[in-house]
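Start at 1 and go down the list; that is how both ligands and their atoms are numbered.
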Amino acid sequence: MLVHIKEIIKDAEKRKYAVGAFNIHNLESILGVASAANKAKSPAIIQVSESTIKYMGLKPVTHIVSTVAKNIATHIPIALHLDHGKSFDSVFECINAGFTSVHIDASSLPLDENIALTKHVLEVARPRGVWVQGEVGAMVGGHGLQGGTLDIPIAKFEDVVKFVKETDVDTIAAAIGTAHGIYKNETVNIPLLKRIKSETEKPFVLHGSSGVSDNKIKEAIKNGVNIINVGTDIKVAFSEALIDNCCKNKKERDPRNLLRPTIKAVEKTVLKKMNLFGSYDKVKVLDIET
Ligand code: 13P
Ligand code: ZN
């Protein structure tokens with residue numbers, strides 16, 4: 001079922017687990033996430049980037065996610081979120097399309113401009129009940145299979161606190177040692193996370209989880225991470241399954257037969273993450289019946 005993101009986060013905060021925010025790119029990855037959520041009885045956030053919106057179209061992706069949530073993950077809470085919205089216009093379009101959560105990522109601007117743009121988004125989002133995620137300290141990296149090391153800048157504690165105080169965003173993301181993509185030197189700066197969490201008391205969003213060790217992810221959840229973004233690992237699972245199937249079945253000409261294994265591959269990756277994040281089995285039959 002499609003729910004407001006706040007329903008999902010309230011429970012995650014109360015029961016101290018994290019919810020995966022899974023980047024989807026097409027129908028197959030949406031089906032893979034929904035099917036994993038069903039099997040794991042786990043809440044999930046399905047998130048789209050601006051480039052996925054460009055690829056699928058805003059209306060099609062919004063309708064496909066809500067139809068899949070309503071008809072396939074019938075009893076499982078699923079929320080739709082915009083990931084890394086870079087401009088007021090793109091965030092505004094998603095609010096109008098019915099998203100219950102949007103990320104305004106002005107983290108590459110000077111702090112005061114980041115604050116001003118985030119406040120501007122909040123002015124339109126809050127009266128409509130839409131949650132806004134803000135970001136301090138730009139995330140670096142890319143969504144490929146890099147595998148090397150990267151210079152990963154860390155957000156300043158004072159900047160994050162000032163940003164949260166002035167904007168009063170609903171959820172906060174900050175650069176704390178992870179990067180988009182898979183790099184050998186990714187980590188989570190736990191002391192910084194702890195300080196941010198105790199000073200802001202906001203749900204914290206960890207970006208760039210692909211490439212971060214399971215132990216670090218567990219430690220991050222213990223110390224206050226509530227939402228974990230998963231992008232590259234889903235892309236890799238999808239692409240490897242597709243390439244493998246195409247290579248094995250070079251004469252196949254039915255796209256459904258070529259694409260079918262990608263749904264299972266995404267499902268498998270997402271199930272592993274739900275287990276790691278502790279969101280597995282969090283939707284009880286009792287919750288479903290009420
Ligand atoms: P990864 O690609 O490293 O999983 O990061 C995803 C992300 O942060 C999307 O916003
Ligand atoms: Zn991100």
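Within ligand 1, counting atoms from 1 as listed, the ones closer than 4.0 Å to a heavy atom of Val230 are 4 (O). Taking every heavy atom of Ser210 and a limit of under 4.0 angstrom, the matching atoms of ligand 1 come to 1 (P), 2 (O), 3 (O), 4 (O). For ligand 1, the atoms lying closer than 4.0 Å to a non-hydrogen atom of Asn23 are 9 (C). Interface of His207 with ligand 1, defined as ligand atoms under 4.0 Å from a residue heavy atom, comprises 8 (O), 10 (O).
A heavy-atom separation below 4.0 Å is found between Ala179 and ligand 1. Ligand 1 has no atom lying under 4.0 Å from any heavy atom of Gly211. Taking 4.0 Å as the cut-off, Asp233 does not count as a neighbour of ligand 1 on heavy-atom distance.
Relative orientation of the His120 and Phe88 rings is parallel, given thresholds of 30° and 60° on the angle between their planes. Note on ring orientation: taking the six-membered ring where Trp is involved, the planes of His103 and His81 are parallel (angle under 30°, cut-offs 30° and 60°).
If you look at His84 next to ligand 1, the close heavy atoms, those under 4.0 Å, all belong to the side chain.
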* Worked check of salt bridge (charged side-chain N to carboxylate O under 4.0 Å, His left out) between Asp233 and Lys273 -> CA-CA 10 Å; Asp233 282 344; Lys273 301 289 180 187; 2.7 Å; yes

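Checking Asn23 against Asp83 by side-chain atom types alone, a donor-acceptor pair falls below 3.5 Å. Using modelled atom types, one finds a donor on one side chain and an acceptor on the other under 3.5 Å when comparing Ser90 with Glu50. Asn38 and Ser35 are not linked by any side-chain donor-acceptor pair at a separation below 3.5 angstrom, with hydrogens and angles left out of the test.
Of all the N, O or S atoms in His84, the one closest to the Zn ion (ligand 2) is NE2. When you scan the N, O or S atoms of His207 for the one nearest the Zn ion (ligand 2), you land on ND1.
Using a cut-off of 4.0 Å between Lys/Arg side-chain N and Asp/Glu carboxylate O, Lys10 and Glu13 are scored as not salt-bridged.
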